[in-house]
Protein chains: 2
Amino acid sequence: MVSKACSLAPNVLSAQCPTRQALDLIADKWTTLLIYLLSKGKQRYGDLHRQVGGISQKMLTQTLRKLERDGLVTRHVYPEVPPRTEYELTKLGHTLIGPLGALCEWAGTHLSELEQARKRYDHLQKKAALSA
Amino acid sequence: MVSKACSLAPNVLSAQCPTRQALDLIADKWTTLLIYLLSKGKQRYGDLHRQVGGISQKMLTQTLRKLERDGLVTRHVYPEVPPRTEYELTKLGHTLIGPLGALCEWAGTHLSELEQARKRYDHLQKKAALSA
DNA sequence: CTGTATCCCCATAGATACTG
DNA sequence: CAGTATCTATGGGGATACAG
């Protein structure tokens, strides 16, 4: 999995590794949600806000800005009153959908196994705690 | 990307979505590093500690325990003195290598584009700040 | 060797209020 | 409508010390 770039330098396994960077890119609560919503086409700020539900304006703006900075999303502001802003996945952004899809598919396939494993683990822990 | 399980219920896009769960699984600083190291075969606690370099004992133990709980890793303690503990990817754990590999490959392929995009964004921001 | 226990810090998310 | 600005606190993570 992790590319050769860091597989050869064990103690630098942290920051410069492409995989780390890729994960840092999407490993927060909202990023993938937004990418997913935008994969269906351009959306306005308010629309995204409504659809995500639970996200604060601060986090929405912050996450969208990060995506824009990373070149995954474009931001187009229309100089109107009231203002209108449209966000859209870039070509680069679209290329991320594939890998994320793979991860999603994995999750869908193995979710029940994960839940089973957790249940089993917690059960054993509980028993161990009781016998102590 | 995000599976149908949540694509139909926009406002529940948060917790129950399989993709979210998959990401939560691996979206921390150390998890993927450990999975990567273990993908090469079973390893002892100390070996992992040395190879990751920079991780605290607390986080190493905590992360390994989480992986064990999720059924991605097995933990085998040998009742010896001094103690020996070996960690190994489970069959389920191995199935995760593929999707993570896809993400890694994406990162490797597009890392330069990301860096370019960031540089460009930051440059524009700087210019905007100066002209203000 | 393989952990636990404890303290502490600070980054970050959330809430709230305000603005062009 | 689409954001900023500001405040707060919470809990995740590091450092350290200790234990079986």
Side-chain angles (χ1 to χ4, degrees), chain A residues 11 13-15 20 23-34 37-38 42-69 73-88 121 124-125 128-129 131-132, chain B residues 11 13-15 20 23-34 37-38 42-69 73-88 121 124-125 128-129 131-132:
Chain A
N11 268 2
L13 268 177
S14 36
R20 285 248 56 81
L23 285 169
D24 290 348
L25 215 61
I26 59 169
D28 63 283
K29 209 172 171 185
W30 310 113
T31 299
T32 50
L33 258 38
L34 291 175
L37 289 175
L38 291 172
K42 65 176 67 167
Q43 304 249 18
R44 295 181 58 171
Y45 182 91
D47 293 332
L48 293 171
H49 197 194
R50 261 183 303 280
Q51 288 178 82
V52 172
I55 193 173
S56 61
Q57 286 192 325
K58 177 182 169 181
M59 288 316 295
L60 179 55
T61 301
Q62 189 172 304
T63 307
L64 286 169
R65 284 306 196 302
K66 200 191 75 183
L67 286 171
E68 189 194 0
R69 177 170 184 262
V73 158
T74 56
R75 173 170 175 264
H76 188 18
V77 183
Y78 295 86
E80 307 170 354
V81 175
R84 177 163 57 108
T85 309
E86 283 180 347
Y87 293 91
E88 188 174 13
Y121 183 91
L124 290 176
Q125 291 302 102
S131 71
Chain B
N11 268 1
L13 267 178
S14 36
R20 286 247 55 81
L23 284 169
D24 290 348
L25 215 63
I26 58 168
D28 62 283
K29 208 173 171 185
W30 309 113
T31 299
T32 49
L33 258 37
L34 291 175
L37 290 176
L38 290 172
K42 67 175 64 166
Q43 303 248 18
R44 297 182 57 173
Y45 182 90
D47 293 332
L48 293 171
H49 197 194
R50 259 183 304 281
Q51 287 178 84
V52 172
I55 193 174
S56 63
Q57 286 191 323
K58 177 182 170 182
M59 289 316 295
L60 179 55
T61 301
Q62 188 173 306
T63 307
L64 286 169
R65 283 305 195 299
K66 201 191 76 185
L67 287 170
E68 190 195 358
R69 178 170 182 262
V73 158
T74 56
R75 174 169 174 262
H76 188 16
V77 183
Y78 295 86
E80 305 170 353
V81 174
R84 177 162 57 108
T85 309
E86 283 180 348
Y87 293 91
E88 189 173 12
Y121 183 91
L124 289 177
Q125 290 303 100
S131 73

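Every heavy atom of this structure was used, including side-chain atoms; hydrogens, water molecules and symmetry mates were not. Order of the sequence lines sets the chain letters (A, B, ...), proteins ahead of strands, with each chain counted from 1.
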Whole-Å distance, B/L60 CG to C/dG3 P, equals 8 Å
If we only count heavy atoms from C-beta on, is the B/Y45 to B/L64 side-chain gap below 4.5 Å?
-> yes
On DNA chain C, check which nucleotide each of A/S56 and A/P83 is closest to and give me the residue with the more 5' one.
-> A/S56
Between atom NE2 in B/H49 and atom P in C/dG3, what is the gap in whole Å?
-> 12 Å
Give a yes/no answer on whether the side chain of A/T61 brings an N or O atom under 4.0 Å of OP1 or OP2 in D/dA2.
-> no
Are B/R44 and C/dT2 close enough that a side-chain N or O sits under 4.0 Å from OP1 or OP2?
-> yes
How many angstroms lie between atom CD of A/E68 and atom OG1 of A/T61, to the nearest 0.5 angstrom?
-> 11.5 Å
Output yes when at least one side-chain N/O atom of B/T85 is less than 4.0 Å from OP1 or OP2 of C/dC1, else no.
-> no
Spacing of B/W30 atom CH2 and B/T63 atom OG1 [to the nearest 0.5 Å] = 8.5 Å
Within less than 4.0 Å of OP1 or OP2 of C/dT2, is there a side-chain N or O belonging to B/R75?
-> no
Given protein heavy atoms under 4.0 Å, the one-letter contact record of nucleotides 5-11 of chain C, with B base, S sugar-phosphate only and - none, is simply -------
4.5 Å side-chain heavy-atom contact, A/R75 and A/V77 = yes
Describe the nucleic acid contact of A/Q62 in one word from base, sugar-phosphate, nothing, applying a heavy-atom distance below 4.0 Å.
-> sugar-phosphate
For the pair made of CD1 in A/I55 and P in C/dG14, what is the distance, rounded to whole Å?
-> 8 Å
In terms of the nearest nucleotide of DNA chain D, which residue is placed more toward the 5' end: A/G46 or B/G54?
-> A/G46
d(NE2, B/H76; C1', C/dC1) in whole Å | 16 Å
Distance (rounded to the nearest 0.5 Å) between A/T85 OG1 and A/D47 CG = 11.0 Å
Passing option when B/Q43 is tested against B/E86, B/H49, B/Q51, B/E88 for side-chain hydrogen bond (donor to acceptor under 3.5 Å, both in side chains) | B/Q51
B/R50 CZ to C/dG3 P: how many Å, rounded?
-> 13 Å
May I have the distance from B/D24 (atom CG) to D/dG12 (atom P), rounded to whole angstrom?
-> 12 Å
Would you indicate whether the side-chain heavy atoms of B/L38 and B/L48 approach each other to under 4.5 Å?
-> yes
Any B/Q57 side-chain N or O less than 4.0 Å from OP1/OP2 of C/dT4 = no
Using a 4.5 Å cut-off on heavy atoms from C-beta on, say whether the side chain of A/L60 contacts that of A/V52.
-> no
Bend angle of the helix from C/dC1-D/dG20 to C/dG20-D/dC1 from five-pair axes at both ends, rounded to 10°?
-> 50°
OG1 on A/T32 to CG on B/L23, rounded to 0.5 Å | 5.0 Å
Side-chain N or O of B/Y87 less than 4.0 angstrom from OP1 or OP2 on C/dG3?
-> yes
Rounded to whole Å, the CE-C1' distance (A/M59 to C/dT16) equals 16 Å
With respect to the phosphate group of C/dT4, does any side-chain polar atom (N or O) of B/R65 fall under 4.0 Å of OP1 or OP2?
-> yes
Can you tell me if the side-chain N/O atoms of B/R84 get under 4.0 Å from OP1 or OP2 in C/dT2?
-> no
Does a nitrogen or oxygen in the side chain of A/W30 sit under 4.0 Å from OP1 or OP2 of C/dG14?
-> yes
May I ask you to decide if A/L25's main-chain N or O and A/K66's side chain share a donor-acceptor pair within less than 3.5 Å?
-> yes
Take atom NZ of A/K29 and atom P of D/dT10, then tell me their distance rounded to the nearest Å.
-> 15 Å
